[in-house]
Amino acid sequence: NAGVTQTPKFQVLKTGQSMTLQCAQDMNHNSMYWYRQDPGMGLRLIYYSASEGTTDKGEVPNGYNVSRLNKREFSLRLESAAPSQTSVYFCASSELTWGDREQYFGPGTRLTVT
Amino acid sequence: GENVEQHPSTLSVQEGDSAVIKCTYSDSASNYFPWYKQELGKRPQLIIDIRSNVGEKKDQRIAVTLNKTAKHFSLHITETQPEDSAVYFCASAHTGGFKTIFGAGTRLFVKA
């Protein structure tokens, strides 16, 4: 099992450009998440999908959109990138049962917006 | 809103010493408290978790304690080793919800 995979690993954008970050999991998890990680600020939730067909805003959703394409895939789109979106982006998935609430993270995407 | 505060932000210890990281949560409904370790350039990974029906849990050199009344929980690492050097995140969640709220992280340095 590959677990959670993300593409690309690195990306440099100019202000105003758009891009989509891809995430896929092969653990048959219902819930998927997008976080951004900035120095000294921990992991902040951008959007999440509790199950296939649903998406909800997290703590910092402005400037982002998401699509839960199917149970395996959850993408994050930046329509018009801004320097404030320079960050490391992590996708995660979880089963969310009483016995297993672990979040499994992807390897991350390092995004720089100039 | 829901919030998790984590202290200290940086911790430096000598190899073999103990390290303690403390967190406070705001949501009274929280009943699940995981700890994640993130090595440099890697993804966060769960190292231990505790549920609200217990006050303490141990796994070899790592232990977590929970005080629900005070809304505090802590990570204790004994006999620290250089490979314990990493960023540690505490978090809180409740089993009826879908979100996990993370603390800002503690960067632990273990000096050989």
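Just so it is clear, the values below take in all heavy atoms, side chains as well, and ignore hydrogens, waters and symmetry mates. Per chain, numbering begins at 1; letters A, B, ... match sequence-line order.
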TODO: Indicate if Y88(B) and L46(B) have the same hydrophobic cluster label, given that clusters are the connected sets of ILVMFWY residues with side-chain heavy-atom separations under 4.5 angstrom.
DONE: no
Open item on the list: I'd like to know whether CD of E79(B) has more than 12 heavy-atom contacts from other residues, nucleotides or ligands below 6.0 angstrom.
Closed with: no
Task: V13(B) reachable from W35(B) in the ILVMFWY side-chain graph, under 4.5 Å edges - done: yes
Task: For R101(A) against H94(B), the heavy-atom pair lying closest together - done: NH2-O, 3.4 Å
- [ ] Check whether L45(A) gets within reach of chain B through its side chain, its backbone, both or neither, counting any heavy atom under 4.5 Å.
- [x] side chain
Open item on the list: Need one label for P44(B): side chain, backbone, both or neither, based on atoms under 4.5 Å from any heavy atom in chain A.
Closed with: both
Open item on the list: Show the nearest heavy-atom pair for residues G106(A) and R43(B), with the distance to one decimal.
Closed with: O-CB, 3.2 Å
- [ ] Can you establish whether the number of heavy atoms outside Q60(B) located under 6.0 Å from its atom CD is more than 12?
- [x] no
Open item on the list: Report which part of F105(A) has an atom under 4.5 Å of a heavy atom belonging to chain B: side chain, backbone, both, or neither.
Closed with: both
Task: Other residues, nucleotides, ligands: >12 heavy atoms within 6.0 Å of R107(B) CZ - done: no
Task: Neighbour count above 12 (heavy atom, 6.0 Å) for R44(A) CZ - done: yes
Open item on the list: For F89(B) versus Q37(A), what's the shortest heavy-atom pair and its separation?
Closed with: CZ-NE2, 3.2 Å
Task: Residue T100(B) versus chain A: region with a heavy atom under 4.5 Å - done: both
Open item on the list: Please give me the minimum heavy-atom distance between A104(B) and G40(A), naming the atom from each residue.
Closed with: CB-O, 3.6 Å
Open item on the list: With a 3.5 Å distance limit and no angle check, can you tell me whether Y33(A) reaches the backbone of K99(B) through a side-chain donor-acceptor pair?
Closed with: no
Open item on the list: If I measure from the heavy atoms of chain A, does Q6(B) come under 4.5 Å with its side chain, its backbone, both, or neither?
Closed with: neither
Open item on the list: Atom NZ of residue position K22(B) - does it have more than 12 heavy atoms of other residues, nucleotides or ligands inside 6.0 Å?
Closed with: no
